[in-house]
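Down below is the structure, laid out as structure tokens.
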Amino acid sequence: MITSRIGMSPALRRAVFAPRLARLQANVIAKRSIQTESLPPSSAVEILNKQRLQRPTSPHMTIYRHPLPSVLSGAHRATGLALGALLYSFSLAYLIAPGTFDSAHIVEFVAGLPEVVKYGAKTLLAFPFAYHSYNGIRHLVWDAGKFLNVKGAYSTGYALMGVTAVSTVALVLM
């Protein structure tokens with residue numbers, strides 16, 4: 001047959017030359033009617049808001065494991081803010097009422113506190129101070145061009161956490 005000489009497969013020949021297949025395919029195509037209605041522009045916003053509620057939400061940061069350098073960077077900023085806020089609040093309090101916030105009154109106030117409160121307050125002061133100080137040294141080492149690879153960032157991060165823990169305990173027990 002001539003169709004086999006030009007490269008038509010048997011399935012293609014049947015599809016091309018069988019008129020009943022064409023009729024069957026015409027019946028298979030489904031027709032559906034779509035009804036539309038005109039809406040005012042205000043209802044378009046309502047429809048859009050309903051659709052947005054049904055959309056899946058993207059995962060939040062809480063499902064990810066944050067790399068150690070990013071956690072330590074955030075902690076460095078937080079401790080810097082805490083120490084700065086403490087310094088400015090104490091300075092403003094001293095300017096407003098210098099007789100109340102002098103050394104003698106502070107020593108007298110702290111002496112009257114229970115030991116648990118004293119150790120808690122010392123920990124709250126010692127940790128940010130130690131962490132921020134040692135992380136500042138870590139950044140100075142990075143500025144010198146040392147430990148700038150991923151392994152160095154992690155090793156200095158773990159060393160920072162260890163030195164901070166030891167020095168916090170040492171400062172609290174002083």
Side-chain angles (χ1 to χ4, degrees), residues 34 36-174:
I34 299 174
T36 61
E37 59 182 281
S38 63
L39 297 171
S42 62
S43 64
V45 173
E46 293 173 18
I47 292 172
L48 187 62
N49 288 336
K50 287 179 186 175
Q51 288 175 350
R52 285 180 180 153
L53 289 176
Q54 295 175 356
R55 292 181 192 163
T57 57
S58 62
H60 197 265
M61 291 178 62
T62 56
I63 69 165
Y64 298 112
R65 181 173 177 247
H66 298 290
L68 180 68
S70 69
V71 172
L72 296 178
S73 174
H76 184 73
R77 293 173 185 178
T79 56
L81 285 172
L83 291 171
L86 182 67
L87 173 74
Y88 284 120
S89 62
F90 184 78
S91 299
L92 288 174
Y94 185 75
L95 284 174
I96 292 171
T100 307
F101 288 101
D102 61 349
S103 299
H105 284 96
I106 292 173
V107 169
E108 182 183 327
F109 174 74
V110 171
L113 294 175
E115 291 295 318
V116 174
V117 176
K118 288 180 191 177
Y119 283 117
K122 286 171 82 173
T123 304
L124 287 176
L125 287 174
F127 172 74
F129 178 75
Y131 178 82
H132 198 76
S133 299
Y134 290 125
N135 202 21
I137 294 170
R138 179 178 175 225
H139 277 271
L140 289 174
V141 170
W142 283 352
D143 289 342
K146 308 288 184 195
F147 302 108
L148 290 177
N149 54 8
V150 175
K151 184 179 177 184
Y154 274 88
S155 63
T156 57
Y158 288 125
L160 168 70
M161 290 189 298
V163 169
T164 300
V166 169
S167 62
T168 299
V169 170
L171 287 172
V172 168
L173 295 177
M174 286 177 93

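Remember, predicted model here, so these are calculated numbers, not experimental data.
When all heavy atoms of P128 and L83 are compared, the closest pair comes out as O-CD1, 3.6 Å. The nearest pair of heavy atoms linking I106 to F101 is CD1-O, 3.6 Å.
Residues forming a side-chain contact (heavy atoms from CB on, under 4.5 Å) with N49 (at least two apart in sequence, or on another chain): V45, R52. Partners of P40 under the side-chain contact (heavy atoms from CB on, under 4.5 Å) rule, at least two apart in sequence or in another chain, are S42, S43.
The line from CG of L113 to CD of E108 is 11.5 Å long, rounded to the nearest 0.5 Å. Atom OG of S155 and atom CG of L68 lie 10.0 Å apart (nearest 0.5 Å). Between T156 atom OG1 and R138 atom CZ the span is 3.5 Å, to the nearest 0.5 Å.
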Residues V172, K122; criterion side chain to side chain contact (heavy atoms under 4.5 Å, CB included); working and verdict: CA-CA 5 Å; V172 168; K122 286 171 82 173; 4.3 Å; yes
Stepwise side chain to side chain donor-acceptor pair (under 3.5 Å) check, H132 with N135: CA-CA 5 Å; H132 198 76; N135 202 21; over 6 Å; no
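Judged by distance alone, with hydrogens and angles left aside, the side-chain atoms of T168 form a donor-acceptor pair with the main-chain N or O of T164 at under 3.5 Å. Between the Y131 side chain and the L72 main chain, a donor and an acceptor come within less than 3.5 Å of each other.
Side-chain contact between L86 and L125: present, with at least one pair of heavy atoms (C-beta onward) separated by less than 4.5 Å. In this structure, K50 and I47 have side chains that are not in contact, with every pair of non-hydrogen atoms separated by 4.5 Å or more.
Crowding of K146 atom NZ: a count of heavy atoms from other residues, nucleotides or ligands under 6.0 Å not exceeding 12.
Residue pairs meeting the ring-ring contact (aromatic ring centres under 6.0 Å, His included) criterion with at least one partner in residues 142-171, sequence neighbours excluded, are H139-W142.
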